[in-house]
K.L.:
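Have a look at the structure that comes next, please.
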Amino acid sequence: MLDRKLLRNHFAEVKEQLKHRGEDLTDLDRFGELDENRRTLIVESEQLKATRNEVSKQISQLKKEKQDAEEKILEMREVGDRIKMIDSELREVEEKLDVLMLSIPNIPHESTPVGETEDDNVEIRKWGEVPNFDFEEQAHWDLAVSLDILDFERAAKVTGSRFVFYKGLGARLERALMNFMMDLHADEHGYQEMLPPYMVNRTSMTGTGQLPKFEEDAFKIEDWDYFLAPTAEVPVTNYHRDEILKGDELPKKFTAFSGCFRSEAGSAGRDTRGLIRQHQFNKVELVQMVKPEDSYQVLEELTGHAEKVLQLLELPYRVLSMCTADLGFTAAKKYDLEVWMPSNETYREISSCSNFEDFQARRAGIRFRRDEKSKPEFVHTLNGSGLAIGRTVAAIMENYQQADGSIKVPEVLVPYMGNKTEIR
RNA sequence: GGAGAGCUGUCCGAGUGGUCGAAGGAGCACGAUUGGAAAUCGUGUGUGCGGUAAAAACUGUACCGAGGGUUCGAAUCCCUCGCUCUCCGCCA
């Protein structure tokens with residue numbers, strides 16, 4: 001959510017900056033009227049309330065002195081009715097204003113490249129050597145089914161499409177990656193480990209920006225106002241919702257393993273095979289809450305922490321700075337990490353690292369006090385996948401495949417795989 | 001799922017219709033005292049929104065789990081919901 005005062009005082013500039021996102025901004029123009037309307041009503045209502053408070057004191061005094069207060073009571077009854085009318089009008093205006101404010105995307109940071117499509121994303125760096133196989137490489141779903149370590153068919157029977165059973169060393173590989181990533185971030189990168197709830201309520205989904213605009217992308221629990229979390233970002237960022245943190249507690253660094261659930265509405269027909277696009281997948285997430293002046297440096301560090309996973313796994317990747325059109329609703333700046341996928345002969349997204357500045361913090365009410373006496377300020381929130389585990393499994397299968405259809409285990413994972421060096 | 005108890009400021013805790021943003025205590029901050037500390041004493045100690053473009057100050061208003069209602073007036077009475085605790089049932 002943007003600062004109302006910013007919008008009030010610099011409307012034209014903000015609108016200009018939002019234009020680069022390429023979203024429809026016609027609703028935005030209603031802001032001025034709603035905002036002014038709201039303030040007028042507040043003034044009216046509060047003046048009447050001040051009167052009522054004043055006269056009520058007099059009534060109390062009169063009664064104590066056993067004098068007649070009937071006239072004032074009648075007068076205040078009328079004032080009370082008017083307050084009720086104004087307040088209900090005010091509530092309507094505020095509701096409209098809330099809906100509007102919650103649907104305005106974040107302002108891109110000045111370092112975010114301006115662009116119109118995903119083709120305008122800017123490659124920042126590349127790492128690693130793309131493998132050059134002297135045999136015909138296979139897609140991970142073919143490898144995995146031959147090795148009997150993934151079972152898509154039975155998952156379709158048991159649940160439906162875009163679900164999977166991991167089996168044997170496939171399941172072991174997923175679990176090894178989870179432990180490897182969590183250990184790395186907790187022990188080496190200084191994050192506090194968390195296992196969050198997989199379901200979250202509506203307020204949390206609104207706090208991090210999934211709602212109200214993207215409800216169709218989420219799985220909703222029938223008869224409950226709960227959603228399956230699409231990412232651990234939601235529970236972990238909301239962990240400190242409506243709190244005022246102490247300045248010296250910052251930065252807060254959390255790493256969380258969780259299942260993630262996405263309905264991926266509108267992506268039917270894309271990546272229908274394999275692990276790339278599932279309704280349920282596992283992910284290790286990095287979340288930070290920091291002081292505003294630190295957030296851009298922290299974005300670089302956090303992205304580096306995600307990259308470290310790929311480097312240790314020796315998977316070739318590149319880093320893209322997402323342009324204004326491809327930023328997502330909540331981010332001011334975002335880097336995508338893309339891992340090389342031999343079956344696609346291209347790089348595929350495996351991590352997204354974003355700085356939301358105070359956009360989520362304002363929605364979720366996450367603030368801090370620099371010291372005892374200073375006013376609360378909004379923190380800046382950041383997060384990044386460190387990494388999406390299913391896609392990492394796919395990348396390992398494809399990049400580490402051998403001529404006979406077996407898969408070499410990346411060296412750092414061997415201890416996590418019960419010292420097995422190959423899946424065959 | 002059933003029965004009961006509770007939810008007040010950073011914390012503990014008082015408050016059952018008016019003088020309550022809320023007693024008292026603890027904590028914290030500042031000051032006095034001290035060679036220094038402890039103890040003691042004094043002062044202060046929330047947030048949102050509005051008046052106001054920003055900051056400071058001032059001022060109004062709202063906030064005692066959440067939302068409604070009754071009333072001239074609600075922390076206090078009524079209704080709905082959420083959460084916590086205890087007992088029973090069920091269960092991993």
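We use all heavy atoms of the structure for the numbers below, so side chains are in, but hydrogens, waters and symmetry mates are not. Quick note on labels: first sequence line is chain A, next is B, and so on, each numbered from 1. All values derive from a computational prediction rather than experimental measurement.
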K.L.:
Check ring pair (Phe, Tyr, Trp, His ring centres under 6.0 Å) between A:F11 and all other residues, then give those that pass, not counting sequence neighbours.
P.N.:
none

K.L.:
Within a radius of less than 6.0 Å around CZ of A:R82, do more than 12 heavy atoms belonging to other residues, nucleotides or ligands occur?
P.N.:
no

K.L.:
Using the P atoms only, state how far B:A26 lies from B:U19, rounded to an integer number of Å.
P.N.:
27 Å

K.L.:
Using the P atom as the reference point in each nucleotide, state the distance between B:A66 and B:G9 in Å, no decimals.
P.N.:
10 Å

K.L.:
Which pairs with one or both residues in residues 41-72 of chain A pass ring pair (Phe, Tyr, Trp, His ring centres under 6.0 Å), sequence neighbours excluded?
P.N.:
none

K.L.:
Please enumerate all residues that pass side-chain hydrogen bond (donor to acceptor under 3.5 Å, both in side chains) together with A:E215, with sequence neighbours excluded.
P.N.:
A:R202

K.L.:
Using the test ring pair (Phe, Tyr, Trp, His ring centres under 6.0 Å), find all partners of A:Y296 that sit at least two apart in sequence or belong to another chain.
P.N.:
A:H109

K.L.:
Using the P atom on both, measure B:G60 against B:U43 and round to a whole Å.
P.N.:
24 Å

K.L.:
Rounded to whole angstrom, note down the C1' distance from B:C72 over to B:C64.
P.N.:
22 Å

K.L.:
Report the residues that fulfil ring pair (Phe, Tyr, Trp, His ring centres under 6.0 Å) with A:H140, sequence neighbours left out, ordered by chain and then residue number.
P.N.:
none

K.L.:
Whole-Å distance between B:C63 C1' and A:I244 CD1?
P.N.:
13 Å

K.L.:
Output all residues satisfying side-chain hydrogen bond (donor to acceptor under 3.5 Å, both in side chains) with A:N121, sequence neighbours left out; order by chain, then residue number.
P.N.:
A:D326

K.L.:
Please state how far atom OH in A:Y226 lies from atom P in B:G82, giving the value in whole angstrom units.
P.N.:
8 Å

K.L.:
When you compare B:A38 with B:A56, how far apart are their C1' atoms, in angstrom units rounded to a whole number?
P.N.:
38 Å

K.L.:
Taking CD1 from A:I83 and C1' from B:G60, how many angstroms apart are they, rounded to a whole number?
P.N.:
13 Å

K.L.:
Of the residues in residues 38-49 of chain A, which ones touch RNA chain B at a heavy-atom distance under 4.0 Å?
P.N.:
A:R38, A:R39, A:I42, A:V43, A:E46, A:K49

K.L.:
Between A:D223 (CG) and B:G82 (P), how many Å, whole number?
P.N.:
13 Å

K.L.:
A:R38: what forms a side-chain hydrogen bond (donor to acceptor under 3.5 Å, both in side chains) with it, not counting sequence neighbours?
P.N.:
A:E94

K.L.:
Given the P atoms of B:U80 and B:C63, what is the spacing between them in whole Å?
P.N.:
22 Å

K.L.:
In this structure, is the centre-to-centre distance between the rings of A:F261 and A:F227 below 6.0 Å?
P.N.:
no

K.L.:
Quick test of your reading of the model: are A:K72 and A:E78 salt-bridged, counting only N-O distances below 4.0 Å?
P.N.:
no

K.L.:
For the pair made of CZ in A:F11 and P in B:A53, what is the distance, rounded to whole Å?
P.N.:
16 Å

K.L.:
Taking atom C1' of B:C83 as reference, at what distance in whole Å does atom CH2 of A:W224 sit?
P.N.:
12 Å

K.L.:
Could you tell me the separation between the CZ atom of A:R4 and the P atom of B:G51, rounded to a whole number of Å?
P.N.:
11 Å

K.L.:
Distance-only check: which donor-acceptor pairs under 3.5 Å involve side-chain atoms of residues 244-251 of chain A, not counting sequence neighbours?
P.N.:
residue : atom : partner : partner atom : Å
A:E249  : OE1  : A:K246  : N            : 2.6

K.L.:
Can you tell me the distance, in whole Å, between the CE atom of A:M1 and the P atom of B:G48?
P.N.:
13 Å

K.L.:
For the C1' atoms, the ones on B:G18 and on B:A75, what distance do you get once it is rounded to whole angstrom?
P.N.:
13 Å

K.L.:
With pairs defined as Watson-Crick or G-U wobble and both distances under 3.5 angstrom, please note down RNA chain B as a dot-bracket string, | for pairing with another strand.
P.N.:
((((((((.[[[..)..(.....]]]((((((.......))))))((((((......)))))).[[[[[..)....]]]]])))))))....

K.L.:
Could you work out the separation of B:C30 and B:G15 based on their C1' atoms and round it to a whole Å?
P.N.:
31 Å

K.L.:
With sequence neighbours excluded, tell me which residues meet ring pair (Phe, Tyr, Trp, His ring centres under 6.0 Å) with A:F165.
P.N.:
none

K.L.:
Could you go through nucleotides 70-75 of chain B and list every protein N or O atom that sits under 3.5 Å from one of its N or O atoms, giving the distance for each pair?
P.N.:
residue : atom : partner : partner atom : Å
B:U70   : OP2  : A:K84   : NZ           : 3.0
B:C72   : OP1  : A:R77   : NE           : 3.0
B:C72   : OP1  : A:R77   : NH2          : 2.4
B:C72   : OP2  : A:R77   : NE           : 3.3
B:C72   : O4'  : A:I73   : O            : 3.3
B:C72   : N4   : A:K63   : NZ           : 3.4
B:G73   : O4'  : A:S56   : OG           : 3.4

